[in-house]
Amino acid sequence: MAAYKSELIETLTSRGFLHQCTNLEGLDAKAAAGVVTGYIGFDATADSLHVGHLVQIMALRWMQKTGQRPIALMGGGTTKVGDPSGKDESRRLMDDATIMANITSIRQSFDRFLTFGSGPQDAILANNADWLDKLQYIPFLRDIGRHFTINRMLTMDSVKLRLEREQPLTFLEFNYMILQGYDFVELHRRHGCTLQLGGSDQWGNIIQGVELGRRIAEAELFGFTCPLITTASGAKMGKTASGAVWLKAERFSPYDYYQYWRNSDDADVGRFLKLFTDLPLDEIARLEKLAGSEINEAKKVLALETTRLLHGDAAANDAAETARKTFEQGGIGDDLPTIDMTAADFAAGIPAWSLFQKAGLADSNGEARRLIRGGGAKLNDQKLDDENLSITASTAVNGVIKLSAGKKRHAIVKVG
RNA sequence: GGAGGGAUGGCCGAGCGGUCAAUGGCAGCAGACUGUAAAUCUGCCGACUUAUGUCUACGAAGGUUCGAAUCCUUCUCCCUCCA
């Protein structure tokens with residue numbers, strides 16, 4: 001029944017990972033015949049990746065699960081240059097120490113999704129600083145630079161868009177695609193890597209690598225891009241009120257992560273289950289059929305599965321349990337954001353607006369006041385009308401005060 | 001090097017001496033409706049213990065004026081054209 005010979009391509013296509021491929025049949029045949037080593041590059045611009053990177057990470061995960069060998073390439077070198085793709089402005093230059101620290105931090109997330117090691121199918125973690133840092137300008141220009149034409153480079157979207165929008169593009173950034181192309185060839189030399197995956201915005205960069213490989217290594221390299229995942233309402237994934245949806249628990253708690261997925265658009269559920277969970281397709285097909293409010297069951301599965309992958313069973317179950325208690329019983333779950341205060345803090349009474357601000361439900365005192373005035377605040381599940389209400393330790397029930405901003409954002413204050 | 005144009009709140013984008021914390025749109029938050037969904041409608045949306053109050057803010061620094069985001073000078077950065 002499979003349309004493709006290899007499990008890899010069959011899986012990636014049926015789950016919605018394919019956007020463009022340089023030679024799908026060729027890659028399919030190669031993957032069916034033996035182990036293909038493929039990589040995806042990640043820039044180290046922050047100490048954590050975010051949901052926007054998840055498609056790529058899942059693609060690597062499927063590579064490994066279908067018997068191929070994935071490489072996660074950390075852009076220790078390229079991050080110093082900055083990828084102009086899809087950006088109007090240059091990124092601020094980052095120093096080595098920050099980049100190294102980011103790489104160390106990001107590496108932890110990969111351990112959740114991939115098995116690293118030295119076996120034939122173990123994933124490899126590479127860092128392009130290992131070769132890019134050592135490049136010598138003149139030799140590099142002569143060996144690599146001569147294979148790139150300015151004519152061609154100017155037609156690349158990343159460059160063209162910048163120019164069309166009259167935004168400056170520095171020579172530094174202009175070199176990014178050359179370095180990325182070189183990465184591909186270098187990974188081919190070092191690890192026999194013949195495939196580069198990436199987001200659809202990386203197509204141009206990937207092509208450059210494929211062509212460079214053909215010219216200087218006489219290798220047939222493959223490029224494969226994943227679609228840019230947007231929500232049904234057209235927004236890029238991963239933006240919430242509090243900022244990006246980070247993969248690192250310290251930046252974005254497992255409970256918040258669970259809630260992020262739990263609140264997915266109806267129209268996105270099936271697609272997300274395929275892309276972001278390991279669930280078998282027939283199971284997903286069953287969940288997709290749920291209509292009306294029943295689709296909430298599918299959303300719970302989506303939230304639980306995605307959270308399990310990233311944070312593990314225990315954290316996922318805790319998050320699900322907290323959500324269940326909070327939303328289905330109107331109670332209090334352990335995973336809700338919590339602040340600790342002492343009875344002494346309450347000795348003189350704390351105004352309600354101040355407590356909301358302290359609990360993180362409002363960014364400023366004024367915002368807390370507006371929230372209460374607007375009728376969106378609850379104290380122990382009772383609507384709060386008086387923003388100046390003086391709250392004392394006696395407000396606590398079993399040592400805990402529950403604050404709510406709207407229906408979804410809750411926090412608890414522990415009075416100890 | 002020369003000539004023009006531009007820099008406004010998270011973003012886009014009006015304003016061009018007072019009535020400007022600054023029109024409008026987007027994003028965001030809340031309310032209603034619901035299913036912890038979408039769409040829609042409504043309110044809010046610089047900070048300050050909230051005030052017909054104060055402070056901070058229209059690239060930076062000075063200046064003119066009773067009064068400046070708006071005028072002048074210098075500076076910084078960006079864009080376009082010419083060399």
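To find a chain, count down the sequence lines: A is the first, B the second, and so on, and within it residues start at 1.
Atom CG in A:Asn296 sits about 7 Å away from atom C1' in B:A37, given to the nearest Å. Taking atom OH on A:Tyr255 and atom P on B:U36, their separation rounds to 13 Å, with Å as the unit. Computed from coordinates, the A:Asp268 CG to B:G35 P distance equals 20 Å when rounded to whole Å. Distance, A:Phe356 CZ to B:U49 P: 17 Å, rounded to whole Å. Going from atom CD of A:Glu297 over to atom P of B:A37 covers 15 Å, rounded to whole Å.
Shown here, B:C29 forms a base pair with B:G43; the pair counts as Watson-Crick or G-U wobble because both key distances fall under 3.5 Å. Across all strands shown, B:U64 forms no Watson-Crick or G-U wobble pair with both distances under 3.5 Å.
Here B:U49 is the nucleotide among B:C48, B:A30, B:U49 with the atom lying nearest to any side-chain atom of A:Arg369. Of the candidate nucleotides B:U49, B:U36, B:C29, B:U49 has the atom lying nearest to any side-chain atom of A:Pro351. You'll find that the side chain of A:Lys407 is closest to B:A32, out of B:A37, B:A32, B:C48.
Taking the nucleotide of RNA chain B with the nearest heavy atom to each of A:Arg370 and A:Gly376, the more 5' of the two is matched to A:Gly376.
Looking at A:Arg308 and A:Asp313, a side-chain N of the basic residue comes within less than 4.0 Å of a carboxylate O on the acidic one, giving a salt bridge. Ionic pairing of A:Asp381 and A:Lys402 is present here: one or more N-O contacts between side-chain nitrogen and carboxylate oxygen are shorter than 4.0 angstrom.
At a cut-off of 3.5 angstrom, the base of B:U50 holds at least one donor-acceptor pair with the side chain of A:Arg373.
A cation-pi contact, defined as under 6.0 Å to the ring centre and within 45° of the axis, links A:Lys65 to A:Trp62.
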